[in-house]
Amino acid sequence: MNVLLCGGAGYIGSHMARYLAGEGVGVTVLDNLCTGHREAVQWGDLIEADLLDSAALDRALGSRRFDAVMHFCAHSLVGESMVSPYRYYQNNVTGTLNLLEAMQRHGVQRLVFSSSAAVYGQPNSAVIDEDHPKAPINPYGASKLMVERVLADAAVAYGLRSVALRYFNAAGASADGSIGESHQPETHLIPNVLRAVLGSGPALKVFGDDYPTLDGTCVRDYVHVEDLAQAHQLALSYLSGREGAHVFNLGSGHGYSVRQVIAAAEQVTGRPVPHTLAPRRAGDPAVLVASSERAQQELGWRPRHAGLQVMVESAWRWHRQAKF
Ligand code: UDP
């Protein structure tokens, strides 16, 4: 089996490449390296191309016979999407349409798509399942929801088989320390906490402590990146026997506040996390916690790396000796 990994030089995509290669699947990475890392492409060939370049997509999809595409390419920062919505819709929606059309031209009928918990907006229940109303409160989430709609229409019109995986907060790194989370600039909580500990980044800014949560800081559901990779492979198998467009949440079902993440990092590293209080970040919902029951039932997915401590330890092993 051959899989084209769009965005395979990024954080989740590179862990996917490692996972698939370990399962004996042929991997080709397509990435424009705007946020991905050449050093993270350690499994399979790299095709440097942009989703906005249809001719390059044709060359990539024509380079060998692909059984499926996994699509991780996206601008993915909530705050940035609030100030640059055109850029987000262009890249995340137009880019995906280009990819889907190229897949159609080359007869590739299976897609696993990276969606996001951001499609739900402000939750109206403690735990979010897939039937929760979709009302994104930022352009990033809206762009993901638009693509989900396109996939549903494409299933009816063209028979495209797809699974959209709505990630909650990806965390951790590969067990062998070969790849991990690295963004420039870094905006995510766990890397910023650990960089503050190491002194390789500034003191952590805690974005708001007046949310209606246990300690006033935002609550998120962290899920290990290797568990996300496993879910993608299960999603691909799921599509072998099924038509249609499917969606699944991927989270651990447990929420942790920003202050709890700080406390876990202090415990794991044995050092204080320098931090200051800052205003709320635009576009942030107070609480996002997944019900992943559907993924458990239908895909047979069980996160193997449970608990905040385990994820922070995994991230810490990477950050202490990050190679890129
Ligand atoms: N956060 C924070 N300081 C940071 C980065 C993030 O307080 O330097 C908070 C952020 O407001 C959110 C949570 O941590 O409530 C997780 O943010 P992240 O950017 O990691 O992921 P997101 O939930 O936006 O996908």
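Being a predicted model, the structure only gives us computed values, none of them experimental. Just the heavy atoms: all of them, side chains too, but no hydrogens, waters or symmetry mates, feed the values below. For ligands, and for the atoms within them, numbers begin at 1 and follow the listed sequence.
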> Would you call Glu48 and Arg38 a salt bridge, using N to O less than 4.0 angstrom?
Replying inline: yes

>> So for atom CZ, which belongs to Arg87, do other residues, nucleotides or ligands contribute more than 12 heavy atoms lying within a distance under 6.0 Å?
In response: yes

>> How about CD on Glu23, more than 12 heavy atoms from neighbouring residues, nucleotides or ligands closer than 6.0 Å, or not?
In response: yes

Can you pull out the closest protein heavy atom to [atom]? Residue, atom name and distance to 0.1 Å, please.
atom	answer
atom 1 (N) of ligand 1	Phe207 CD1, 3.6 Å
atom 25 (O) of ligand 1	Asn169 ND2, 3.6 Å
atom 5 (C) of ligand 1	Thr187 O, 3.1 Å
atom 20 (O) of ligand 1	Leu189 N, 2.8 Å
atom 15 (O) of ligand 1	Cys218 CB, 2.9 Å
atom 9 (C) of ligand 1	Val258 CG2, 3.8 Å
atom 8 (O) of ligand 1	Asn192 ND2, 3.1 Å
atom 3 (N) of ligand 1	Lys205 O, 2.7 Å

> Under 4.0 Å from any heavy atom of Val206, which atoms of ligand 1 are there?
Replying inline: 7 (O)

>> Please verify the inter-ring angle class for His75 with Tyr88; under 30° counts as parallel, over 60° as perpendicular, anything in between as tilted.
In response: tilted

> Taking the six-membered ring for Trp, are Phe248 and Tyr238 ring centroids under 6.0 Å apart?
Replying inline: yes

Heavy atom under 4.0 Å from ligand 1: found in [X]'s side chain, backbone, both, or neither?
X	result
His188	both
Leu204	side chain
Asp284	side chain

Between [Y] and [X], do the side chains contain a donor N or O and an acceptor N or O under 3.5 Å apart?
X	Y	answer
Thr269	Arg320	no
His188	Glu186	yes
Asp221	Tyr167	no

> When His232 is tested against each of Tyr19, Phe113, Trp301, Phe72 for ring pair (Phe, Tyr, Trp, His ring centres under 6.0 Å), which residue passes?
Replying inline: Phe72

>> Out of Glu181, Arg281, Arg220, who is nearest to atom 24 (O) of ligand 1 when you count heavy atoms only?
In response: Arg281

